[in-house]
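Before any comments, here is the structure.
If you're wondering where the values come from, they're calculated on a predicted model, not measured in any experiment.
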Amino acid sequence: MLRSFTKADPPLNRVKPVPVQVLRHIARLAVTGHDTTQLATADMIILAFFFLLRPGEYTANRGDTSPFRLQDVQFFIGETRLNALDAPLDLIAQATFATLTFTTQKNGVCGEVIGHSRSGDLYLCPVLALIHRVTHLRNNEAPLATPLATAFQDRHPVPILPSHITQTLRAAVQVLGPSLGFLPSDVSARYLRAAGATALLCADVASCHIELLGRWHSDQMLRYLHLQAKSLMKDFSRKMLHGGYFTLLPNQLVPSF
């Protein structure tokens with residue numbers, strides 16, 4: 001009997017989804033800091049949240065990863081498609097919709113496209129984050145296969161690693177304090193995928209649609225037919241910002257405030 005109690009106690013910690021408050025703090029700090037690495041880190045955090053990405057998809061970590069690249073991005077102004085590689089940058093800046101094309105990412109169908117419209121937020125917007133990344137890479141004459149998670153400093157590429165993401169998230173949680181309901185040590189680069197899914201769930205988006213966006217196991221034909229439908233995706237970014245404000249019920253390790 002004692003052995004069974006040992007196995008059951010203490011309970012495992014669950015993944016802590018990162019709320020929008022943390023992302024907003026990071027984005028505002030990056031804009032005021034004007035550091036290219038900090039700006040790139042903030043952009044990739046925003047993209048991971050809205051597109052429900054795994055660390056290997058939105059960081060430039062070496063190893064068995066498949067990060068999205070410059071050549072995987074498309075922009076739209078209404079129904080007009082813009083080539084992210086050669087369209088005028090001033091025209092790209094006006095884009096209202098942006099997409100990522102899957103190639104070798106986990107659970108993604110090669111050639112499948114997912115996209116978001118503008119969220120309407122000055123700081124937290126998937127379209128603006130992609131505009132920032134493409135503009136920065138093109139201004140530095142980056143090759144087409146350059147990961148979006150790349151910042152150039154004095155023309156030298158600096159990869160944005162999972163450790164950069166984790167450090168940035170934890171620093172923001174530390175500043176915002178225990179009112180969030182969790183500790184800096186509770187979050188890492190892996191948890192942004194859960195953050196986006198939680199925001200969608202809180203915004204009353206159907207779980208089947210969340211599964212499609214997050215590429216969780218579901219009916220393959222249904223996913224292919226619906227994920228590329230622009231009408232399905234057009235309001236997700238706004239809903240995610242609305243539903244992404246939340247706090248967690250703290251455990252005993254979180255100090256009172």
Side-chain angles (χ1 to χ4, degrees), residues 13-24 27 44-58 66 68 72-76 78-79 81 95-103 105-121 123-130 169 180-182 186-249:
N13 287 326
R14 292 184 180 273
V15 170
K16 301 293 195 304
V18 182
V20 163
Q21 302 95 295
V22 175
L23 274 60
R24 187 175 299 282
M44 298 317 299
I45 286 173
I46 291 168
L47 292 175
F49 170 77
F50 280 107
F51 285 94
L52 310 189
L53 301 180
R54 299 175 175 84
E57 298 167 345
Y58 76 94
S66 299
F68 284 100
D72 299 328
V73 182
Q74 294 182 105
F75 293 105
F76 293 80
E79 298 301 319
R81 183 165 63 172
T96 57
F97 195 86
T99 69
L100 292 174
T101 301
F102 285 85
T103 53
Q105 287 76 22
K106 184 177 179 181
N107 289 355
V109 177
C110 185
E112 185 176 58
V113 178
I114 59 173
H116 274 298
S117 62
R118 291 202 184 215
S119 67
D121 190 273
Y123 296 99
L124 302 179
C125 175
V127 178
L128 290 178
L130 283 173
L169 290 172
L180 294 171
F182 54 89
D186 289 328
V187 298
S188 75
R190 293 191 301 113
Y191 295 174
L192 287 169
R193 181 168 160 82
T198 301
L200 286 167
L201 190 63
C202 291
D204 295 323
V205 173
S207 59
C208 61
H209 291 166
I210 300 174
E211 289 176 0
L212 294 177
L213 180 59
R215 292 158 289 127
W216 282 285
H217 293 296
S218 59
D219 187 282
Q220 295 294 317
M221 179 61 70
L222 181 66
R223 186 175 70 182
Y224 179 77
L225 290 176
H226 287 78
L227 193 56
Q228 296 190 52
K230 190 173 179 181
S231 59
L232 173 67
M233 305 292 297
K234 67 177 182 180
D235 293 326
F236 272 16
S237 60
R238 294 178 189 273
K239 289 181 177 180
M240 290 172 76
L241 287 184
H242 178 73
Y245 277 93
F246 55 82
T247 59
L248 302 181
L249 294 173

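Pairing each heavy atom of P19 with each of L180, the nearest pair is CG-CD2, 4.0 Å. Annotation for F236 and V205: closest pair CZ-CG1, 3.8 Å, computed over non-hydrogen atoms. Nearest heavy-atom pair across F68 and T101 is CE2-O, 3.5 Å. Contact detail for Y58 and A189: the closest heavy-atom pair is OH-O, 2.6 Å. Shown here for M240 and A199, the closest heavy-atom pair between the two residues is O-CB, 3.5 Å. In this structure, L23 and L192 approach most closely via the heavy-atom pair CD1-CD2, 4.2 Å.
Between T96 atom OG1 and E79 atom CD the span is 8.5 Å, to the nearest 0.5 Å. How far CZ of F102 is from CG of D72: 9.5 Å, rounded to the nearest 0.5 Å. Atom CD1 of I46 is separated from atom CG of L128 by 8.5 Å, given to the nearest 0.5 angstrom. The line from CD1 of I114 to CG of L212 is 10.5 Å long, rounded to the nearest 0.5 Å. Here the NE2-CZ distance, from H116 to R238, works out to 12.5 Å after rounding to the nearest 0.5 Å. One distance of note links CG of L213 with CG of L200; it measures 6.0 Å at 0.5 Å rounding.
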Should L169 and V18 be marked as a side chain to side chain contact (heavy atoms under 4.5 Å, CB included) after you check the CA-CA gap, both sets of side-chain angles, and the distance that decides it? CA-CA 8 Å; L169 290 172; V18 182; 4.2 Å; yes
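With hydrogens and angles ignored, the 3.5 Å screen pairs a side-chain donor or acceptor of S119 with a backbone N or O of L124. Using a distance-only test at 3.5 Å, with no hydrogens or angles considered, no donor-acceptor pair links the side chain of R193 to the main chain of R54. Remark: side-chain polar atoms of R118 are not paired, donor with acceptor, to backbone N or O of P126 under 3.5 angstrom.
Taking the ring pair (Phe, Tyr, Trp, His ring centres under 6.0 Å) definition, one finds that F49 meets it with nothing, sequence neighbours left out. Listed by chain and number, the residues in a side chain to side chain donor-acceptor pair (under 3.5 Å) with Q21 amount to none (sequence neighbours excluded). Among residues two or more places apart in sequence or in another chain, the side chain to side chain donor-acceptor pair (under 3.5 Å) test is passed with R24 by D121, Y245. Residues that satisfy the side chain to side chain donor-acceptor pair (under 3.5 Å) test with T99, not counting sequence neighbours, are Q74. Residues passing the ring pair (Phe, Tyr, Trp, His ring centres under 6.0 Å) test with F75, sequence neighbours excluded: none.
Residues T198 and F246 meet the side-chain proximity criterion, which asks for heavy atoms closer than 4.5 Å.
Remark: of the listed residues F97, F50, F51, F50 is the sole one forming a side-chain contact (heavy atoms from CB on, under 4.5 Å) with S237.
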